[in-house]
Each structure stands twice: as C-alpha cells, then as structure tokens.
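Right, one structure below, let's go through it.
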Amino acid sequence: MDILNQKVTLLSKIPLTPRVLWLRFQLSEPLLFQAGQFIKLEWDINGQHVARNYSIASPPYQGMTSFSLVATLLANGVASTQFQFAQPGWQTSLKGPYGRLLLPKAVECPSQLILVATGTGIAPFYAMLPDLEEYLKCGCHVDLFFGVRNSEELFFFYPFKVLAEQYSHFNFTVCFSRQQTTESACLHSGYVQQYLVNTDVHSNALVMLCGHPDMVDGCFTLFTKDKGLKASQIKREKYILNH
Ligand SMILES: Cc1cc2nc3c(=O)[nH]c(=O)nc-3n(C[C@H](O)[C@H](O)[C@H](O)COP(=O)(O)OP(=O)(O)OC[C@H]3O[C@@H](n4cnc5c(N)ncnc54)[C@H](O)[C@@H]3O)c2cc1C
C-alpha cells in the first residue's frame, strides 16, 4: 500500500468522553488503507515541528473522502492541546497509512481471534467492525477485551455490545481498572490481563494487542509463556508517547 502525503482538513470534533475526542478529517485524495492501520499527522506550531501517530478509527470503505481518529487528551500534550482547541477548517499534513495490525481475509480466519485494547487502542478494532462480522459469519470465535479506567471513560461500547448480542461466539469483556462495578455479562472490575488468564485459547488463535505499552507487553508475555502461543500469532501496536 502506497505511503501518501496529503493535506487534510478537520471537519468535525465530538467529545466521546471527558478525555477522548472523535476527530473527522476531510481528505484531499483517497486514502487507501486496511482496517488496523495508522497515519501520522504533522504540523508546525511555535517554531516546533509536531508529528504524531493515530490509528484510523473509520472503516476503509469511507476512506475515499474522509477518515476519523480518536485521541486521548493528555495534560500539556502538544497534540492534545492542538486537538482540544482546533476548530473545523484546521489544516494539517497526513502521511500514511502504516502498520501491520491487519486481519487475514475472512476465508483464512483462524478458529479464534482475540483482541485486547486499552483506551483509544480500541480504534483499530472499531475500524474492523465490518470485518469482524465477516469473521463471525465464518464461525470464528472472537473475544474482545477492552480496558478503560471507569464507566465515564467508556466509549464505542454499543456497536460491540450489539454484535455480542447477535453472535453467541463473540465475547465482549469491558474491564474498569479504577472502578468497582456490579459484575454483568460484559462489565468487570480489574485489568484486562486478569480476565485473559481464565480465557480458553485455541492453539491456532490469532491475537491482536493495541494500546498502552505495559498492557501490550504484559499480554504478550501471558500469551507466549502461559498460553503457549508463538510470537508470530500475536500482532501488536503500542501507543508509545513521543518523548
Ligand atoms: C502507532 C501509534 C498509534 C497511536 N494511535 C493513537 C490513537 O489512535 N489515539 C491516541 O490517543 N493516541 C495514539 N497514539 C499516541 C499518540 O501518537 C501521541 O503520542 C499522543 O496523542 C500524545 O501526544 P501529545 O502530543 O498530546 O502528548 P506529548 O506532547 O507527546 O506528551 C505526552 C505526555 O507526556 C508529558 N510529557 C511531555 N514531555 C515530557 C517529558 N519530557 N517528561 C515527562 N513528561 C512529558 C505531557 O505532559 C503529556 O502528558 C499512537 C501512538 C503510536 C506509536
């Protein structure tokens, strides 16, 4: 897939939670990408060149004219501050797409797909929703574990919940790391790793990990050491900060 460089224009900005913004950008050329990939946004501010990576949170079929991302607002973060105050019409440069967090075609799907995300690390899996439905139709068992701090920070919940209600072989588990919750079918308290320990893992499972670097490293160790998977069965995208 070609790496393109183009100008993009902010179309809209919606707060999904107090700390997460949904940003939609107008493309000047079609962006050909696969669900799971990320782009780099670049701009200059106060004599400083800023370059930050963001997963694409919209499915590829929308990539002819626009794309979306979700950004966590970090205190005093350069991009976070820019996004917080940016208005529709703000222009920036985009490079991409990049990344290998890609699903095999549905016909080649493994018997089990395990997706683990923390925070905005859910973005690539949200972009994969149409593909996940294809996987489920092919009989693939899909487990999604989504870690956020508390219910106030939960977003993109309903599209996955609806899918879980439609397909009994789609297990959706939300883990609140900083909130006790009344345990329900999908809402739990604790870290995602705690729930993975008790998950049955098929020997040919494909695992995708996205988000906080500590979660990605912890889960990688768990799947390779305790669950006996090969490193090649695990795809990772770590949201490493730029300093
Ligand atoms: C492949 C990839 C995909 C990503 N996708 C996403 C995504 O979809 N959504 C998302 O929200 N993020 C994503 N990220 C992270 C993103 O690229 C940015 O790192 C993030 O948005 C923070 O950028 P910032 O400019 O706001 O913060 P920065 O200015 O980089 O600062 C980050 C934090 O560190 C603090 N800080 C800055 N400098 C220092 C210092 N010297 N010492 C101590 N603390 C310091 C700041 O106050 C702030 O809280 C991704 C990262 C990668 C690598």
Side-chain angles (χ1 to χ4, degrees), residues 1 3-4 8 10-25 27 31 33-60 62-63 66-86 90 92-103 115-129 144 146-150 152-157 159-160 177 192 207-217 219-220 234-243:
M1 216 157 276
I3 306 293
L4 280 185
V8 295
L10 182 64
L11 281 174
S12 56
K13 186 174 82 168
I14 300 169
L16 296 179
T17 76
R19 287 198 324 130
V20 174
L21 287 179
W22 165 277
L23 301 158
R24 188 163 156 253
F25 290 88
L27 294 157
L31 179 65
F33 68 97
Q34 291 182 47
Q37 291 194 293
F38 66 92
I39 48 83
K40 185 187 289 292
L41 294 183
E42 295 187 67
W43 65 95
D44 292 312
I45 188 159
N46 302 330
Q48 184 191 356
H49 184 71
V50 183
R52 298 286 187 271
N53 297 317
Y54 293 94
S55 295
I56 302 169
S58 45
Q62 288 176 7
S66 70
F67 78 98
S68 302
L69 60 86
V70 286
T72 306
L73 299 177
L74 299 179
N76 305 318
V78 175
S80 302
T81 306
Q82 179 70 44
F83 293 155
Q84 207 174 350
F85 294 104
W90 173 59
T92 181
S93 296
L94 174 150
K95 259 191 211 157
Y98 305 99
R100 296 171 182 276
L101 195 76
L102 306 176
L103 284 170
L115 309 172
V116 190
T118 48
T120 45
I122 194 72
F125 304 145
Y126 186 75
M128 285 175 192
L129 267 168
L144 169 63
F146 182 23
V148 291
R149 288 179 179 174
N150 52 43
E152 195 183 49
E153 302 220 342
L154 183 58
F155 60 100
F156 288 171
F157 174 69
F160 291 111
S177 59
V192 285
V207 176
M208 292 188 164
L209 310 172
C210 188
H212 197 289
D214 292 346
M215 178 281 285
V216 172
D217 290 341
C219 290
F220 182 80
I234 305 170
K235 300 189 182 199
R236 292 169 279 176
E237 201 69 85
K238 287 189 200 181
Y239 284 1
I240 296 165
L241 301 182
N242 303 62
H243 55 86

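Just follow the structure's listing: the first ligand is 1, and inside any ligand the first atom is 1.
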- prompt: Which value, rounded to the nearest 0.5 Å, describes the distance between Leu16 atom CG and Leu21 atom CG?
  reply: 7.5 Å
query: Within the structure, does Ala123 bring an N/O atom to less than 3.5 angstrom of an N/O atom in ligand 1?
result: no
- line: For Phe38 and Ser55 the tightest heavy-atom approach is CB-CA, 3.6 Å
Let me have the donor-acceptor pairs involving side chains of residues 118-129, under 3.5 Å, with sequence neighbours excluded, atom names and distances please.
unit_1	atom_1	unit_2	atom_2	d
Thr118	OG1	His212	N	2.9
Thr120	OG1	Thr72	OG1	3.3

message: Give the atom numbers and elements of ligand 1 that come within less than 4.0 Å of a heavy atom of Val78.
response: 24 (P), 25 (O), 26 (O), 27 (O), 28 (P), 29 (O)
task: Would you tell me which option among Arg52, Lys238, Arg236 has the nearest heavy-atom contact to atom 28 (P) of ligand 1?
output: Arg52
task: Could you tell me whether ligand 1 has any atom less than 4.0 Å away from a heavy atom of Leu69?
output: no
message: Quick test of your reading of the structure: of Leu74, Leu73, Ile56, whose heavy atom lies closest to atom 32 (C) of ligand 1?
response: Leu74
field: Pick from Ser55, Gly121, Ala75, Ser80: the one approaching atom 49 (O) of ligand 1 most closely through a non-hydrogen atom
entry: Ala75
query: Can you name the salt bridge (charged side-chain N to carboxylate O under 4.0 Å, His left out) partners of Asp214, sequence neighbours left out?
result: none
field: Within the 6.0 Å centroid threshold, strictly below: Trp22 and Phe156
entry: yes
query: Is there a donor-acceptor pair under 3.5 Å between the side chain of Gln62 and the backbone N or O of Phe67?
result: no
field: Contact atoms of ligand 1, heavy-atom distance to Asn76 under 4.0 Å
entry: 47 (O)
Over all atoms of both residues, closest heavy-atom pair of Ala86 and Leu10: CB-CD2, 3.9 Å
For atom 13 (C) of ligand 1, the option (of Thr120, Leu101, Asn53) bearing the nearest heavy atom: Asn53
field: Distance flag, aromatic centroids of Tyr54 and Phe25, threshold under 6.0 Å
entry: no
message: Please check whether Ala71 reaches ligand 1 - meaning an N/O of the residue sits under 3.5 Å from an N/O of the ligand, judged on distance alone.
response: no
query: With a 4.0 Å heavy-atom cut-off (strictly under), which part of Phe38 contacts ligand 1: side chain, backbone, both or neither?
result: side chain
- prompt: Does any N/O atom on Ala79 come nearer than 3.5 Å to any N/O atom on ligand 1?
  reply: yes
